[in-house]
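What follows is one structure encoded as structure tokens, with my remarks underneath.
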Amino acid sequence: MEDAKKRIKELTEIINQANYEYYNLDNPTITDQEYDKYLRELINLEEKYPEFADPNSPTKRVGGEAIDKFNKVAHAIPMISLANVFNEEEIRDFDKRIRNAGFNPTYVCELKIDGLSVSLHYEHGKLKFAATRGDGVTGEDITENVKTIKTVPLDLGQDIDIEVRGEIYMNKATLEKINLEREKNGEVKLQNVRNAAAGSIRQLDPKVAAKRHLDTWIYHLPNPIDYGIFSHYEALEFMNNLGFKVNPASKLVGGIDGILEYIKEYTKKRNTLPYEIDGIVIKVNDIRMQQELGSTVKYPRWATAYKFPAEEVLTKLVDIKFTVGRTGQVTPNAVLEPVLVMGSTIRRATLHNEDYCKSLDLRIGDIVSIKKAGDVIPEVVEAKLERRIGTEKPFEMISTCPICGSTLVKRGNVDYFCVNDACPKKNIESLIHFASRNAMNIDGLGDEIIEDFYNEGFIRTIPDFYHLNDHKEDIIELEGYGLKKVTNLLLAIEESKQNSVERLIFGLGIPGIGAKNAKLLASIFKDIHTLSNATYEDLVSIRDIGDILAKNIVNYFANPANITLINTLEDMGVNMKYLGAEVKSNENFTDKKFVITGTLEFMSREEAKALIESYGGKCIDSVSKKTDVVIVGDAPGSKYTKAQELGITIWNEEKFKEIVDSL
């Protein structure tokens, strides 16, 4: 027994090392035959002695048991995305903003991999779990599928707790091979590497994911200072030394000229790479500088992504259809002959409004130029006038709603609206918005499903979401729906009742209230009933809530139908309270920046940070002229000296304790 345990451990180490040398270093030290022999021996031993098998054994690479659904995972540090820039001028503006803030940065340039973001968590050096980005705050647990990716180390070989982030992707050659096989089997081809990677990693059966031969590049350490690392480039080297696959193309550059040279180099090399990239990521190298620059709700201020110029293609404008949004706005949309743009088949594109169509002189039957703005949203750029043959039909704006026939009303200079509150399409769009990711986040209720359920009569109003169980048997009978799918959907609807109230506030569709302002209102008023009684004066006094938004909120809650809706949802068990961390106000802490140096006796540094942040203060790591207060404990370092030099307010531990005790 002991010999078996020892041999399992030995084989696990041999195979893990072989995987690392083969997949990460491209330098195998054992033959394929040796590798297969060791792997077979390990599989046999683990079957005979399962109690000695490592949970992260390399035998898991072939995929474990299928799962019913992906569990939700909260990100301790949000996985926010990057703002985009599209040309040299915008890159220079990004650099200028950082320099205007008083910094003289160096940058790290990295290839922007076209794939799926992932967070990997290790405890004592062993892979604990892996998660998708999700909405940035909550992702999905994809651990079993990630274990099938051979460049992801399952055991780091040292006792370390760490989270790293990167991109899961599929190589071009892998996609080509899979599509040849799918074509042979009469299956639909996978369109591009991004969709292929995302679809593969979200397979409920890990064995399917294992067959897709996915890969990773790791590029971000969320908390480098915890490991004594103070630059992003050092963090890349640190992660590489731990055994993660870090892209060797990443480069430390001195300034804007270095950035532009790097972009020029990889614009030329882009098509020669074995994987797809859609741009270049530019990051401030100094970690403390990153912390000083901070982030907006959506984006870090210390990084940006340059997106390659969009590819343009020509196709025919077959028709112009009009759609109705949840606010009633009517938008013209181009119906196109299907065309492949940047790896995706495009059949439709927004035409924005009447003025846009007229400025381009668009006509049905035109040959038009299409591009994907930012490589994502398809856009009609121009009509090719020289290709006209005389049979094209000029654009005409409609005067009645395409769904309900109501007369449209023009608001502002360009936009037309259907003002019929009973318009079915407005209702459908409102329902889609309510269930969307940033609102009630009901997993499994996509746009088409909601439209199907609306047409079937299952969901016509917001409360109908929470009566959907009444139609369970009818839904199961519909094509494409089964017991498992419907059960998971009903469970997701039930779980949405427990959301913090800011999701409900956003989901109700109050004009102008986005996810950020919904959370702000929830954190201030604590529950929706208190918010509903807020006066215009209460609201307009809040930072970020101006005159128009304040009026929109007051008008929304002045409508008895909206109050009835909220009361109905509450009776159904939908949470009406704010569940987030409470931020209190205090003149000593609110809106101030703090640096803590030295050892505190009466509380830990982590407790001190949590307390400061609970009163609206912000803790930073380095002292600058923007620092408001430096808290000094026992044996302070150079931060104390720098604070004295800059004339910054200094609290010793006695002063800090006195303020804390008075709270």
Taking the side chain as everything from C-beta on, heavy atoms only, tell me whether [X] gets closer than 4.5 Å to [Y].
X: Cys418; Y: Leu408; answer: yes
X: Phe525; Y: Ile505; answer: no
X: Val368; Y: Leu336; answer: yes
X: Asn87; Y: Glu90; answer: yes
X: Tyr578; Y: Lys519; answer: yes

Does [X] [atom1] have over 12 foreign heavy atoms under 6.0 Å away?
X: Ile548; atom1: CD1; value: no
X: Lys316; atom1: NZ; value: no
X: Lys211; atom1: NZ; value: no
X: Glu495; atom1: CD; value: yes
X: Glu396; atom1: CD; value: no
X: Arg387; atom1: CZ; value: no

So does [Y] get a backbone contact from the side chain of [X], meaning a donor-acceptor N/O pair under 3.5 Å?
X: Asp538; Y: Thr535; result: yes
X: His529; Y: Lys577; result: no
X: Glu167; Y: Gly115; result: yes
X: Arg437; Y: Gly134; result: yes

Do [X] and [Y] get their side chains close enough for a donor-acceptor pair, meaning under 3.5 Å?
X: Tyr416; Y: Glu354; answer: yes
X: Asp571; Y: Thr568; answer: no
X: Thr327; Y: Gln329; answer: no
X: Ser496; Y: Tyr466; answer: yes

Provide the closest heavy-atom pair for [X] versus [Y] in the form atom of the first, atom of the second, distance.
X: Arg503; Y: Ala439; value: NH1-O, 2.8 Å
X: Met440; Y: Val574; value: CE-CG1, 4.1 Å
X: Pro424; Y: Ile403; value: CD-CG2, 3.9 Å

**Q.** Salt-bridge present (Asp366, Arg388; N to O < 4.0 Å)
**A.** yes
Q | Salt-bridge contact Lys551-Asp547 (side-chain N to carboxylate O under 4.0 Å) | A | yes
Q: Take His433 and Phe506 through the ring pair (Phe, Tyr, Trp, His ring centres under 6.0 Å) test and state the conclusion after the steps.
A: CA-CA 9 Å; His433 174 72; Phe506 178 55; 4.7 Å; yes
Q | Nearest-0.5 Å distance, CD1 of residue Ile566 to CD1 of residue Ile528 | A | 4.0 Å
**Q.** Listed partners of Lys72 passing salt bridge (Lys or Arg N to Asp or Glu O under 4.0 Å), at least two apart
**A.** Asp443
**Q.** Residues which pass salt bridge (Lys or Arg N to Asp or Glu O under 4.0 Å) with Lys425, listed by chain and number, not counting sequence neighbours
**A.** Glu429, Glu451
Q: Mark yes or no: Arg460 above the aromatic ring of Tyr454, with NZ or CZ under 6.0 Å from the six-membered ring centre and no more than 45 degrees from the axis.
A: yes
